[in-house]
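Throughout, protein chains are lettered first and strands after them, A, B, ... in sequence-line order, and every chain is numbered starting at 1.
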Protein chains: 2
Amino acid sequence: MPKPTFFNLSMEKQELLINAAKKEFSRVPLYDASISNIIKDAGIPRGSFYQYFEDKEDIFFFLIDEDSKQVYQNFISIIKINNGDLFTSFVDLFKSILINFAEPKNRQYIKNAFLNMNYKIEKTFTKNFYEENVKSKFFELNDLIKSKSLNIANEEEMFHILKIMMVVMIQNLVDVFARELPAHEAIAAFSLEIDLLKKGFYSRT
Amino acid sequence: MPKPTFFNLSMEKQELLINAAKKEFSRVPLYDASISNIIKDAGIPRGSFYQYFEDKEDIFFFLIDEDSKQVYQNFISIIKINNGDLFTSFVDLFKSILINFAEPKNRQYIKNAFLNMNYKIEKTFTKNFYEENVKSKFFELNDLIKSKSLNIANEEEMFHILKIMMVVMIQNLVDVFARELPAHEAIAAFSLEIDLLKKGFYSRT
DNA sequence: AATTTAAAATGACAGTGTGTCATTTATTGT
DNA sequence: ACAATAAATGACACACTGTCATTTTAAATT
């Protein structure tokens with residue numbers, strides 16, 4: 001997290017920094033990004049940057065966390081609209097994220113984040129949905145999901161189902177960028193996978 | 001891939017380089033690894049490194065690819081032993097990878113790779129199992145898997161099932177390292193998820 | 001209002017690593 | 001033995017990082 005000093009800045013200056021950082025993270029992935037470029041673009045001295053952030057990861061994960069919170073709120077609305085249908089909701093969430101990708105302002109930034117999606121980035125992203133060993137967030141979702149039509153014996157299984165659906169969604173989003181898939185193809189592929197998860201892979205016949 | 005010059009080296013010198021690289025990639029993840037440390041450890045001049053490899057990624061992905069090929073061969077044997085049962089085979093593969101983790105020689109190196117598993121690393125790893133648009137590899141697996149007890153309409157669905165199971169397995173392996181899970185817990189969690197995938201998430205009742 | 005104290009801003013600097021390239025050394029073919 | 005090709009070498013220019021002593025600004029106190 002940014003240091004307190006950052007949050008004491010005027011909103012204008014905070015946004016100046018954030019925009020400069022997003023610009024740099026649009027140019028290249030986190031590990032190639034340079035603080036030098038960010039401060040040059042924002043027009044602040046080098047020392048100031050370190051007054052506000054620990055390092056470039058600090059500001060990067062701050063941005064990802066903000067984005068994730070928005071996606072989570074969006075997901076909550078979607079589930080409500082779909083009366084707790086988990087499967088339809090995930091497909092709708094996928095679609096809404098794709099629409100966000102289409103915006104040129106976000107595209108490169110999100111692309112770089114997804115193509116370099118590692119454990120820490122994924123964790124930052126998903127922790128706003130459910131947190132390992134933190135049940136409060138999980139319950140909010142759990143209460144909204146119509147679980148009686150789900151094939152689950154207990155709450156733990158619900159957690160695993162969410163985890164699987166999330167990782168499958170993220171993988172499909174990564175694919176969109178890696179292979180520059182058109183939206184309709186991406187949606188078809190993801191819908192198919194959600195359907196397989198729904199029905200199960202095993203057939204008794 | 002390493003340059004031809006590398007493969008012209010004596011086996012001893014190749015292994016010297018490989019060991020030095022593994023040592024450095026054990027110390028820190030790819031993006032923090034330094035070529036300076038590798039050449040210092042191997043006792044070769046800086047210029048020589050660039051005679052053999054493009055950059056540090058070049059040698060890293062070469063190592064990952066080698067590992068992946070071994071895992072793939074292992075998987076083939078496991079499927080045969082299990083008479084094509086995909087679910088049991090994945091659980092067995094998971095167990096065998098965990099055993100490999102336990103070896104101190106590999107542990108840190110693999111841990112760093114998994115905690116920084118991004119698209120390119122995952123692709124390098126999975127391309128030896130199935131390649132998008134390259135059907136030959138896929139068929140080898142496809143033929144071994146007893147697909148008549150699977151809930152699939154066509155070959156495309158088989159591909160998606162493999163993709164999902166692989167990503168779920170990788171995510172569980174990442175979890176092992178991120179949360180330092182004991183083997184029996186990791187196996188229990190993965191088995192549960194495989195079982196959920198097998199049965200399906202949706203219940204008609 | 002003047003003075004003290006604390007907080008924030010600044011930029012020069014040392015340290016570390018990268019990739020290149022001109023030169024030297026070794027190997028191969030004639 | 002000589003030429004030609006391949007490989008090895010290490011000095012160098014360039015880029016970026018994180019720190020820290022110093023300066024500036026803001027807040028608190030008398």
Would you verify whether the NZ or CZ of Lys137(A) falls within 45 degrees of the ring axis of Tyr72(A) while also being under 6.0 Å from that six-membered ring's centre? yes

State which residues pass salt bridge (charged side-chain N to carboxylate O under 4.0 Å, His left out) with Glu155(A); sequence neighbours excluded, sorted by chain then number. none

Listed partners of Lys146(A) passing salt bridge (charged side-chain N to carboxylate O under 4.0 Å, His left out), at least two apart: none

Please determine if Lys120(B) forms a cation-pi arrangement with Phe61(B), meaning its NZ or CZ atom is less than 6.0 Å from the six-membered ring centre and no more than 45° off the ring axis. yes

In numerical order, the residues of residues 43-55 of chain B whose heavy atoms come under 4.0 Å of DNA chain C are Arg46(B), Tyr50(B)

Who passes salt bridge (charged side-chain N to carboxylate O under 4.0 Å, His left out) against Lys111(B), sequence neighbours left out? Glu180(B)

Roughly how many Å is it from CG in Asn37(B) to P in dG17(C), rounded to a whole number? 6 Å

For residues Ser96(B) and Asn74(B), is any side-chain donor paired with an opposing acceptor at under 3.5 Å? yes

Whole angstroms only, please: what is the CD1-C1' distance between Ile39(B) and dG19(C)? 11 Å

Expressed in angstrom and rounded to an integer, what is the separation of Gln14(A) atom CD from dA8(C) atom P? 13 Å

Check the phosphate of dT18(C) against Ser36(B), side-chain N and O only, distance under 4.0 Å to OP1 or OP2. Yes or no? yes

Full working for ring pair (Phe, Tyr, Trp, His ring centres under 6.0 Å) between Phe114(A) and Tyr119(B): CA-CA 8 Å; Phe114(A) 270 86; Tyr119(B) 175 73; over 10 Å; no

Any pair counted as ring-ring contact (aromatic ring centres under 6.0 Å, His included), so long as it reaches residues 152-175 of chain B, sequence neighbours left out: Tyr130(B)-Phe159(B), Phe138(B)-Phe159(B)

So what does Ile38(A) hit on the nucleic acid, given a heavy-atom distance under 4.0 Å: a base, only sugar-phosphate, or nothing? nothing

Using chain A heavy atoms and a threshold of under 4.0 Å, write down where along DNA chain D the contacts begin and end, 5' to 3'. dC16(D) to dT19(D)

